[in-house]
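Read the structure below first, then the notes.
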Amino acid sequence: MHPSKDLVSQPSAAGMAGGSAVEKSRLHRPLWGLCFALLALSTLGCEPRGYEPDLENFIASAPVSFERIGLGQQATVTDTIEVAVREAAVWDTLAAQFRPLQPFEPVDFEQTMVLLVGLPVESGGHTVIFDFIEKVDTAIVAYYNVLEPNVDCVTVEAAAVAFQAVRVPQDATPVHFERQIERYSCEL
């Protein structure tokens, strides 16, 4: 005889008061199964009736690879520059106005273009760093950080131009720049 049949067929003190635990479990199995099935079905269609995703206003984005080709603190420009340079002649004229820490790396304008940000500042210690670049539908968005010293930092009080230039794949899409300012502390 099968052991589970033994348990069911033999009355116990619990069996006298309304059935054994095994018998009660067997009675509740269909209810648990029904509850589980209802729960599973209720989560399948979470969208309201007639719901269609708004694909017309969906904004697709893709990261754009970039390489730093130069950065520094000295330039002859007096205004903020956020520019995409797509031609060698324009780059040669613009690059001559900046003095990077190392010479600018060469750019093949057949395949790449330059994004340049230059910010005139009143003291040293500022740095421009491109953080992330992405192509979003009708534009390229270049996110960059401006690191500036907190009041606890000792910096040179002299006009400077914090700048960075990066190389990205050549693209005729308009470029939009997004700036974020971050202060850093010099405390030990």
Side-chain angles (χ1 to χ4, degrees), residues 46-47 51-188:
C46 294
E47 293 94 13
Y51 172 80
E52 291 184 28
D54 184 8
L55 297 178
E56 286 183 27
N57 294 320
F58 177 73
I59 298 176
S61 69
V64 175
S65 63
F66 65 94
E67 296 177 78
R68 184 181 74 203
I69 61 168
L71 78 147
Q73 301 278 326
Q74 296 180 356
T76 59
V77 299
T78 56
D79 293 325
T80 297
I81 292 179
E82 294 176 331
V83 66
V85 182
R86 294 178 170 89
E87 298 173 8
V90 175
W91 174 241
D92 291 342
T93 302
L94 194 57
Q97 299 176 56
F98 291 85
R99 290 188 287 278
L101 298 174
Q102 300 286 326
F104 284 115
E105 293 183 23
V107 178
D108 175 7
F109 283 95
E110 293 292 320
Q111 296 185 24
T112 60
M113 63 183 186
V114 173
L115 302 183
L116 171 69
V117 171
L119 299 172
V121 292
E122 294 181 7
S123 70
H126 291 75
T127 305
V128 171
I129 298 177
F130 280 90
D131 184 41
F132 183 71
I133 301 173
E134 66 180 337
K135 187 168 185 176
V136 181
D137 283 341
T138 60
I140 292 173
V141 182
Y143 301 90
Y144 68 92
N145 293 322
V146 178
L147 303 177
E148 58 182 42
N150 208 345
V151 294
D152 63 337
C153 297
V154 177
T155 61
V156 175
E157 293 294 325
V161 178
F163 68 91
Q164 183 176 36
V166 296
R167 179 174 42 218
V168 298
Q170 184 67 262
D171 195 318
T173 307
V175 177
H176 177 73
F177 293 86
E178 290 286 330
R179 178 188 322 172
Q180 180 175 337
I181 297 174
E182 293 182 31
R183 289 190 171 272
Y184 64 88
S185 177
C186 297
E187 286 185 27
L188 296 179

Would you say [X] and [Y] make side-chain contact, with heavy atoms under 4.5 Å?
X    : Y    : answer
F66  : L115 : no
V175 : R86  : yes
P120 : T80  : yes
R183 : P149 : no
V166 : I133 : yes

Exercise. Once the angle between the rings of F163 and F104 is folded into 0 to 90°, is it parallel (under 30°), tilted (30 to 60°) or perpendicular (over 60°)?
Worked result: tilted
Look up atom [atom1] in [X] and atom [atom2] in [Y], then write down how far apart they are to the nearest 0.5 Å.
X   : Y    : atom1 : atom2 : value
E82 : E178 : CD    : CD    : 9.0 Å
R99 : Q73  : CZ    : CD    : 12.0 Å
I81 : Q97  : CD1   : CD    : 6.0 Å
D92 : E87  : CG    : CD    : 11.0 Å

For this session: Take Y144 and L119 through the side-chain contact (heavy atoms from CB on, under 4.5 Å) test and state the conclusion after the steps.
Result: CA-CA 12 Å; Y144 68 92; L119 299 172; 4.3 Å; yes
Measure across [X] and [Y] and return the closest heavy-atom pair with its distance rounded to 0.1 Å.
X    : Y    : answer
S185 : N150 : CA-CB, 4.1 Å
Y184 : G125 : OH-O, 2.7 Å
V161 : V77  : CG2-O, 3.6 Å
V114 : A165 : CG1-CB, 4.1 Å
Q164 : I129 : OE1-CA, 3.1 Å
T173 : I140 : CG2-N, 3.8 Å

Exercise. CD of Q170: more than 12 outside heavy atoms within 6.0 angstrom?
Worked result: yes
Exercise. Hey, is CZ on R68 packed in by over 12 heavy atoms from elsewhere, all under 6.0 Å?
Worked result: no
Problem set entry | Pair listing, disulfide (SG to SG under 2.5 Å) test, anchored in residues 108-157, at least two apart | C153-C186
Do any side-chain atoms of residues 105-112 form donor-acceptor pairs under 3.5 angstrom with protein atoms, and if so which ones, sequence neighbours left out?
{"residue": "E105", "atom": "OE1", "partner": "R167", "partner atom": "NH2", "Å": "3.3"}
{"residue": "D108", "atom": "OD1", "partner": "E110", "partner atom": "N", "Å": "3.1"}
{"residue": "T112", "atom": "OG1", "partner": "D108", "partner atom": "O", "Å": "2.8"}

Exercise. Under the 3.5 angstrom rule, does the side chain of Y143 hit a backbone N or O of Q180 as a donor-acceptor pair?
Worked result: no
Exercise. Ignoring hydrogens and geometry, is there a side-chain-to-backbone donor-acceptor pair from D131 to N145 under 3.5 Å?
Worked result: no
